[in-house]
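Shown next, in structure tokens, is the structure this report addresses.
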Amino acid sequence: MNWLSADRLRLVVPALSLAVLLAAVFWIQPRAMSYTGLNLLFNLAVPIALATIAQMLIMTVNDLDLSMGTFVSFTACVTATFLQSNPLLGVLILAGCVGVYAVLGVVIYLRNLPSIVVTLGMSFVWGGLAVLLLPAPGGVAPDWIRAVMVSKPPFVPMAIIASVLIAAVAHWIVIRSAFGVVIRGVGGNERSVTRAGWSVLRARASAYALAGVFAVLAGMCLVGLTTSADANIALRYTLLSIAGVILGGGEFVGGRVSPIGAVIGALTLTLAASFLSFLKISPDWQIGAQGAILIVVLALRLVLNRHEGRTAR
Amino acid sequence: MKNLVVLTGLTILLTSTAMTSTTMADTAAKRIALSNNYAGNSWRQAMLQSWETITKPAVEAGIVAAADAFTTAENQATEQAAQIQNMILEGYDAIVVNAASPTALNGAVKEACDAGITVVSFDGIVTEPCAWRIAVDFKQMGKDQLVYLGEKLPDGGKLLEIRGLAGVFVDDEISAGIHEGVAENPKFEIVGSVHGDWAQDVAQKAVAGILPSLPEDIVAVVTQGGDGYGAAQAFDAAGRDMPLIIMGNRQDELAWWKEQKDASGYETMSVSIAPGVSTLAFWVAQQILDGQDVPKDLVVPFLRIDQDGLEASLETTPAGGVANVEYSLEDAQAVIAAAK
């Protein structure tokens with residue numbers, strides 16, 4: 001039973017739920033079992049996966065980002081306007097956004113503010129900026145982003161390659177790198193990290209900045225798929241990203257997160273919506289049904305966690 | 001003898017199927033889906049109801065094989081994009097869309113077009129060139145209000161504007177039309193503007209909030225529909241003189257108007273788009289699938305109710321609903337012919 005470590009077990013439930021859902025979708029809609037089908041099923045999950053990783057980084061240091069949706073919307077608006085017409089200015093603005101995220105991390109830590117309140121406040125700032133930038137929907141996706149998002153690599157669809165790539169990169173950063181160990185340590189036991197001589201301030205600032213980077217990428221990918229932006233385009237990402245992290249085996253506190261699980265969680269959420277729509281469930285019930293799927297998966301996890309606790313003892 | 005009966009029966013059956021197949025053209029095997037982004041107000045409910053009323057007999061008559069309606073659980077462009085991609089997977093021949101965003105669905109719409117699917121957008125149209133657009137001239141709708149006011153109140157005066165949902169292009173368009181109308185008729189002046197989100201309760205709160213800061217002599221309220229009754233309630237509660245409030249064809253608005261008309265001869269007009277426009281989109285999609293030459297840009301006629309037509313419209317409008325007309329195949333052909 002050595003290979004089934006706690007971390008791996010954490011991944012089993014999300015992976016299993018994704019597999020079961022995928023099998024169900026293939027059964028109902030065999031057309032989905034193709035290159036194009038898979039791409040259509042999953043391409044909109046790519047920006048969600050990126051936003052989920054961003055949210056996961058924030059959750060690693062025991063915080064929560066309620067501005068994720070409006071921030072991704074804003075970066076999408078920047079991508080569809082400045083990045084397209086004036087790439088240099090666009091890059092500067094996006095870099096500035098990442099900077100703001102780092103500052104947020106610092107302010108939240110130094111002033112000991114609740115992250116929920118700060119990010120909720122920021123969500124109005126981002127939302128306002130997005131409306132200022134694009135009062136009416138519009139803008140154009142930069143050609144190169146559009147080209148990447150609609151690219152058709154041989155054998156494996158873009159959406160799958162992108163998801164695997166995101167999971168791998170995030171896994172390396174958070175689980176394998178020294179930086180990842182430190183930020184997980186901050187979430188797990190801040191004092192011991194301080195005593196070991198690491199700067200908690202720097203760790204938090206860089207965790208926030210990195211989250212900003214992933215969120216910016218999410219906005220860019222989204223615009224690549226939709227071809228243009230609007231100020232409300234990604235509002236749902238706030239809750240989707242939190243749900244994705246939890247679904248993927250992460251926890252709100254303690255620095256216990258799983259990047260691969262988070263990506264799987266994002267894919268599962270996307271797939272659950274498609275599954276319900278293939279079942280032709282009335283929209284009035286769809287939100288409820290989506291919630292039911294979430295609860296089932298979480299209940300499964302709870303059962304496994306107990307099992308995990310018992311074997312550990 | 002028995003054989004003969006069977007034989008004649010068969011012949012009749014055969015000829016009748018042969019007849020239907022010629023009159024029903026080539027769309028009998030085609031499947032049409034409705035992608036709708038929102039169902040949370042009376043207008044959208046009526047829109048879905050009209051779709052059902054018109055498409056069900058059409059499916060039963062074998063004009064099309066299916067006409068399923070889908071609504072996203074939340075009013076978000078990303079969700080609707082996913083919904084459209086699911087429809088591509090399900091192999092529909094045409095997708096009729098009322099879009100959450102004119103641009104954010106373009107990627108998904110392009111995917112559909114590339115898969116050989118006919119996409120017809122209406123009301124909330126999409127800008128992707130491969131799709132058909134049945135557009136509402138929202139700007140004209142705003143402008144018409146000022147034209148009416150210009151005739152009704154030749155002396156002009158101060159106006160309160162109730163807008164829709166911020167950041168939605170319909171709101172921008174109607175408001176732009178209203179402001180254009182004011183610019184052409186400078187006797188009018190907009191002294192206040194609030195967002196009513198096309199909902200009576202929101203409008204009532206918003207108007208009640210801004211009223212104390214407004215001058216007493218407001219002559220009229222220009223609206224976007226779904227907000228007139230709320231505005232009237234707010235004016236009433238504040239004890240103000242009732243201005244002329246433009247209505248938006250909702251039943252509660254029409255009922256209030258009727259009440260006021262009977263009591264004091266209150267005059268106004270009401271304009272909106274009939275929710276039955278979804279059925280117009282259905283027939284247009286059917287015509288395109290049938291191989292007809294249909295221009296990419298079509299225009300929806302307004303449904304306007306004036307003082308004389310109030311009673312008749314109120315009678316046919318269900319409580320909590322919107323004044324409505326459903327379109328027939330002939331209406332659609334007329335709209336198509338007008339656009340050519």
Side-chain angles (χ1 to χ4, degrees), chain A residues 25 28-32 34 36-37 39-45 47-48 69 76 80 127 130-131 134-141 146 149-150 222-237 240 270 273-278 280-290, chain B residues 33-40 44-45 48 66 68-92 99-112 114-115 124-129 165-173 175-176:
Chain A
V25 166
I28 301 174
Q29 191 50 258
R31 248 183 284 237
S34 63
T36 335
N39 206 26
L40 285 177
L41 272 183
F42 285 119
N43 64 5
L44 284 162
I48 300 180
V131 173
L134 274 182
V140 181
R146 180 82 186 133
M149 293 315 283
V150 298
L222 185 55
V223 170
L225 286 171
T226 58
T227 71
S228 71
D230 83 51
N232 302 323
I233 195 165
L235 293 190
R236 260 173 58 78
Y237 281 21
L240 277 179
T270 315
S274 299
F275 172 67
L276 294 172
S277 128
F278 287 142
K280 295 201 167 54
I281 289 182
S282 121
D284 303 335
W285 291 95
Q286 271 191 23
I287 289 192
Q290 227 167 330
Chain B
L34 169 66
S35 164
N36 174 39
N37 66 312
Y38 182 60
R44 290 298 178 105
Q45 287 294 334
L48 291 170
D68 305 320
F70 298 87
T71 300
T72 48
E74 277 179 73
N75 181 15
Q76 290 286 315
T78 44
E79 261 198 68
Q80 196 174 14
Q83 184 191 49
I84 290 174
Q85 296 191 2
N86 288 338
M87 287 172 178
I88 303 171
L89 278 178
E90 288 185 73
Y92 284 99
S101 157
T103 53
L105 297 178
N106 282 352
V109 169
K110 188 82 187 25
E111 297 265 10
D114 290 347
I125 53 161
V126 294
T127 55
E128 170 59 50
L165 205 59
V168 179
F169 79 110
V170 174
D171 168 54
D172 288 329
E173 285 286 301
S175 182

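Worth saying up front: this structure is predicted, and the values here are computed from it rather than measured.
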- d(Ile233(A) CD1, Gln76(B) CD) to nearest 0.5 Å is 9.5 Å
- How many angstroms lie between CG in Asn39(A) and CE in Met149(A), if you round to the nearest 0.5 Å? 9.0 Å
Heavy-atom contact with chain B under 4.5 Å, split by part of [X]:
| X | answer |
| --- | --- |
| Leu225(A) | backbone |
| Leu222(A) | side chain |
| Ala229(A) | backbone |

Proximity breakdown for [X] and chain A, heavy-atom pairs closer than 4.5 Å:
| X | result |
| --- | --- |
| Asn86(B) | both |
| Asp68(B) | side chain |
| Glu90(B) | both |
| Glu128(B) | neither |

- Could you list the residues that satisfy side-chain hydrogen bond (donor to acceptor under 3.5 Å, both in side chains) with Arg146(A), not counting sequence neighbours? none
- Message: Quick check against the 3.5 Å criterion: does Gln45(B) have a side-chain atom that pairs as donor or acceptor with the backbone of Ala39(B)?
- Response: yes
- Query: Does Asn37(B) offer a backbone N or O that forms a donor-acceptor pair with the side chain of Thr72(B) under 3.5 Å?
  - Reply: yes
- For chain A, which of Ala100(B), Ala82(B), Ala104(B), Pro102(B) has the most heavy-atom pairs under 4.5 Å? Ala104(B)
- Item | Top contributor to chain A interface from Asn36(B), Leu89(B), Ile84(B), Asn106(B) [non-hydrogen pairs under 4.5 Å] | Leu89(B)
- How far apart are the C-alpha atoms of Leu34(B) and Leu48(B), what are their side-chain angles, what is the distance that settles it, and do they pass the side-chain contact (heavy atoms from CB on, under 4.5 Å) test? CA-CA 9 Å; Leu34(B) 169 66; Leu48(B) 291 170; 3.9 Å; yes
- Most contact-rich option vs chain B, by heavy-atom pairs under 4.5 angstrom, among Gly37(A), Gly138(A), Pro137(A), is Pro137(A)
- Task: Check step by step if side-chain contact (heavy atoms from CB on, under 4.5 Å) holds for Glu79(B) and Gln83(B).
- Result: CA-CA 6 Å; Glu79(B) 261 198 68; Gln83(B) 184 191 49; over 6 Å; no
